[in-house]
Protein chains: 2
Amino acid sequence: MSDRYLAFANSTSGRRLVSALGLPAPLLLERWMAGRSRPVDGALLIGGEGSLASAMLPFANKLTDALFAAREGQFDLPRWTAEHGPKLKALVFDASGLTRFEQLIELRDFFQPAFKGLDKCPRVVILGRAPESLKDPIAASVQRSLEGFSRSLGKEIRRGGNVQLIYVGKGGETQLEGALRFFLSPKSAYVSGQVLRLNACSEQVKDWTRPLAGKKALVTGASRGIGAAIAETLARDGAEVVLLDVPPAKDALDALAARLGGSVLALDICASDAAAQLVEALADGIDIVVHNAGITRDKTLAKMSDDFWNSVINVNLNAPQVLTQALLDAGKLHDNGRVVLIASISGIAGNMGQTNYAVSKAGVIGLAQAWAPALAKRGISINAVAPGFIETQMTAAIPLTIREAGRRMNSMGQGGLPQDVAEAVAWFAQPGSGAATAQVLRVCGQSLLGA
Amino acid sequence: MSDRYLAFANSTSGRRLVSALGLPAPLLLERWMAGRSRPVDGALLIGGEGSLASAMLPFANKLTDALFAAREGQFDLPRWTAEHGPKLKALVFDASGLTRFEQLIELRDFFQPAFKGLDKCPRVVILGRAPESLKDPIAASVQRSLEGFSRSLGKEIRRGGNVQLIYVGKGGETQLEGALRFFLSPKSAYVSGQVLRLNACSEQVKDWTRPLAGKKALVTGASRGIGAAIAETLARDGAEVVLLDVPPAKDALDALAARLGGSVLALDICASDAAAQLVEALADGIDIVVHNAGITRDKTLAKMSDDFWNSVINVNLNAPQVLTQALLDAGKLHDNGRVVLIASISGIAGNMGQTNYAVSKAGVIGLAQAWAPALAKRGISINAVAPGFIETQMTAAIPLTIREAGRRMNSMGQGGLPQDVAEAVAWFAQPGSGAATAQVLRVCGQSLLGA
């Protein structure tokens with residue numbers, strides 16, 4: 001780990017010193033370990049009066065060994081209280097039944113006592129209905145107000161916890177299990193303050209231990225960093241991986257393929273024949289495409305050269321479009337395919353010295369949003385994952401003070417790991433995750449930076 | 001001014017000391033002064049190849065005395081170069097013609113030389129087409145990528161400058177003048193990094209010196225701070241104001257009314273008969289409604305009392321809804337009316353210790369978005385203005401270190417003034433500003449904080 005302060009603050013002697021000096025003490029986040037059985041390693045508390053909490057009950061006992069309700073007799077579950085219950089590892093509050101302003105205090109009524117009994121790295125999910133789907137302005141406003149609540153809660157929770165808001169649309173209930181297996185488990189360790197919309201999806205995960213079994217996945221920029229983590233995670237989840245990177249990275253690709261059992265494609269995605277080569281290599285077609293390859297060439301606009309501008313636009317924005325188009329034109333992207341683009345917090349908030357990069361990453365978000373309606377007709381989803389500060393060779397090269405600011409200015413007080421981005425990608429890649437499309441999921445520890 | 005550092009850094013002796021010590025030197029922002037004639041007090045440079053730049057030409061010479069084009073012979077205007085042109089006070093780049101990724105470099109080609117010749121407090125507007133209105137995924141992505149560019153540019157521009165992106169939809173060209181009179185003038189001093197959508201509007205401003213002439217405007221919470229500034233600004237622009245605040249503030253209301261020539265309504269907006277009283281007081285109806293009254297009652301959720309929660313929800317969220325509904329039901333809100341809600345950056349990004357406030361302010365954004373479609377049928381617009389850190393009695397009460405962080409963590413290195421919020425409200429209140437509805441305009445100096 002390159003974040004030495006985080007390691008120190010979580011060591012036995014370091015913890016004491018950090019506490020004595022009153023320094024911030026970011027918690028070492030729990031991550032998903034292969035072979036783990038239940039998504040929630042501890043107690044799960046369910047509350048709220050809407051129909052979504054009820055929709056959870058058929059599968060909730062597969063998420064945890066210890067299910068509780070917030071009220072006596074609710075859902076036929078034992079009641080949890082801060083005095084008598086175990087520490088809480090996960091909380092789900094169904095706010096979909098809230099339609100009037102005076103009901104909003106139910107949020108406080110649920111979370112105030114529950115926050116007294118939180119375990120380490122607790123996960124919170126608030127369920128609601130998308131405001132734009134509601135006709136009554138008050139009900140729509142109530143649901144919209146959940147954004148302010150969940151984002152504030154994300155800033156208050158501490159202890160390595162996170163908070164998300166999921167708007168469940170028509171038919172989205174049937175894919176709640178997959179979403180909660182991600183958001184209530186350590187797989188979402190570095191995701192917080194996010195708002196996601198879930199709708200209907202015709203596919204279902206068959207085996208939760210290998211949700212991507214039978215699927216073939218292409219990962220660009222797979223030789224190292226985030227790309228390698230994505231490949232590992234997709235392979236862990238059962239996918240057959242095709243690892244793509246530039247020819248100079250072929251040795252690294254081969255080593256990774258030997259470990260993961262996938263195949264290798266050493267190819268410059270900006271080459272004029274890249275699309276043709278890719279189509280040829282994927283003779284049997286592909287189910288999952290992860291456009292991860294990306295570069296930075298930072299300069300203020302005053303000093304931005306043709307080469308810096310064009311290379312970033314070409315690799316980060318043009319290549320994903322050209323390759324996606326080629327796969328579609330050649331009929332190589334299967335029905336119910338999953339396309340995931342890697343964007344960036346810079347594409348959302350903008351960044352000094354990154355006009356080229358921010359353009360490319362905002363453009364990538366634009367690609368997901370523009371392609372989604374047409375692809376939905378074939379059950380294909382297309383989404384963007386936007387990393388914040390992730391500990392990689394790329395961020396290790398940032399000057400110390402800027403690096404430290406980027407690392408600490410988020411609700412977790414630390415940078416994320418490549419695995420965190422990979423888990424989000426792997427969730428979007430699941431069969432049932434077609435319930436989400438045209439969306440942007442930030443993996444940023446709820447970075448303060450935004451738009 | 002309560003920002004003593006800003007005053008010091010802009011004083012003759014202070015400027016030298018601040019520079020010698022290498023401290024950040026936020027620039028005293030130019031504000032609009034009553035009686036001023038032209039929106040742009042200096043040279044205006046126009047560039048880009050789309051049809052929107054052309055749509056500007058009929059009125060562009062009313063914005064400034066010194067119009068220039070970026071290319072030889074373009075628009076029959078003199079060509080500006082960094083070597084020979086005057087300093088630039090405003091820049092408009094029409095990016096609506098960009099449809100391919102390789103054209104994006106035209107952004108750099110226009111702004112790189114122009115940035116060498118910027119005057120103090122320069123204003124930049126980039127014009128584009130809303131991505132969701134475009135069928136071609138590449139063209140949509142190109143337009144979407146402008147967000148990343150404009151937000152990065154806002155972080156690079158410095159010198160008190162700002163940068164906005166305006167997506168112009170069908171018929172929106174006819175309301176460009178009003179938008180540019182706001183965004184290219186000191187009226188938008190503390191607005192930056194914003195994205196706005198303009199569509200058709202049947203009304204037009206008749207007299208730019210008094211754009212609100214003949215309109216009657218209600219302002220809640222008008223006795224002080226941002227509310228008083230809004231009332232003053234609406235009155236400056238020709239509106240007849242109705243000043244509303246709680247009964248204990250009646251003396252302040254009377255004094256303001258005496259100065260502005262408006263009428264006074266001393267009324268608790270949360271009283272059970274508030275709506276009835278308001279409807280009775282506005283016998284002739286109303287054109288402009290500004291829901292500005294708001295309170296904070298900050299506590300972490302762990303310590304959030306019923307009273308703190310409910311009072312904030314009632315004043316900030318329920319009252320605007322109840323009053324708007326009552327005015328509509330009683331037929332008192334005129335056709336082509338303008339409703340402006342005051343939201344907050346907390347409602348967008350969430351804030352520690354403000355779950356109640358963030359809920360209310362996110363809910364207010366929800367109200368604007370939920371009401372807009374129905375109200376549009378009568379030509380009524382409804383929008384939210386979301387202030388960031390504004391220098392008021394409310395923010396003066398924040399502890400020093402938190403206050404300083406809020407003040408400096410934005411592209412301007414300073415807090416905004418109540419006038420800055422008021423100018424945004426006054427722009428939304430204009431007849432032609434029906435072109436914008438269901439929108440959120442942040443007045444935050446491009447605060448780093450976001451979602």
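Protein chains get the first letters and strands the later ones, always in sequence-line order, with residue 1 at the start of each.
Contact tally against chain B (heavy-atom pairs below 4.5 Å) for Cys444(A), Pro113(A), Gly193(A), Gly363(A): the top residue is Gly363(A). In terms of heavy-atom pairs under 4.5 Å with chain A, the best-connected choice from Gln369(B), Arg442(B), Glu102(B), Lys155(B) is Lys155(B). Chain A forms more heavy-atom pairs under 4.5 Å with one residue of Asp306(B), Asp109(B), Ile138(B) than with any other, namely Asp306(B). Note: Arg151(A) leads Gln446(A), Gln194(A), Arg151(A) in heavy-atom pairs under 4.5 Å with chain B. In terms of heavy-atom pairs under 4.5 Å with chain A, the best-connected choice from Val364(B), Leu153(B), Leu104(B) is Leu104(B). The residue among Ser150(B), Pro373(B), Gly350(B) with the most heavy atom pairs within less than 4.5 Å of chain A is Gly350(B). The residue among Ala140(B), Ala349(B), Gly366(B), Gly347(B) with the most heavy atom pairs within less than 4.5 Å of chain A is Ala349(B).
Heavy atoms of Lys303(A) lying under 4.5 Å from chain B belong exclusively to its backbone. The contact between Ala451(A) and chain B is made by backbone and side chain atoms together, counting heavy-atom distances below 4.5 Å. The contact between Val359(A) and chain B is made by backbone and side chain atoms together, counting heavy-atom distances below 4.5 Å. The contact between Ile105(A) and chain B is made by backbone and side chain atoms together, counting heavy-atom distances below 4.5 Å. The parts of Phe149(A) that come within reach of chain B are both its backbone and its side chain, each placing non-hydrogen atoms under 4.5 angstrom from that chain. The contact between Phe111(B) and chain A is made by backbone and side chain atoms together, counting heavy-atom distances below 4.5 Å. For Ile348(A), the parts lying under 4.5 angstrom from a heavy atom of chain B are both the backbone and the side chain.
The residues Arg297(A) and Asp307(A) are annotated as not salt-bridged, no charged nitrogen and carboxylate oxygen being separated by less than 4.0 angstrom.
Residues Tyr357(A) and Asn316(A) meet the side-chain proximity criterion, which asks for heavy atoms closer than 4.5 Å. For the pair Glu156(B) and Thr300(A), the minimum side-chain heavy-atom distance is below 4.5 Å. Residues Trp371(B) and Gln321(B) form a side-chain contact, since some pair of their non-hydrogen atoms from C-beta on lies under 4.5 Å apart. Between Leu317(A) and Ser141(B) the shortest side-chain heavy-atom distance falls below 4.5 Å.
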What's the verdict on salt bridge (charged side-chain N to carboxylate O under 4.0 Å, His left out) for Arg100(A) and Glu106(A), showing C-alpha distance, side-chain angles and the deciding distance?
CA-CA 11 Å; Arg100(A) 301 190 316 277; Glu106(A) 292 181 24; over 6 Å; no
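Here the CZ atom belonging to Arg108(B) is positioned 8.0 Å from the CH2 atom belonging to Trp309(A), to the nearest 0.5 angstrom.
Remark: Arg158(A) CZ is loosely packed, at most 12 non-hydrogen atoms of other residues, nucleotides or ligands lying under 6.0 Å away.
Looking at Ser152(B) and Gln354(A), their side chains never bring a donor and an acceptor atom within 3.5 Å of each other.
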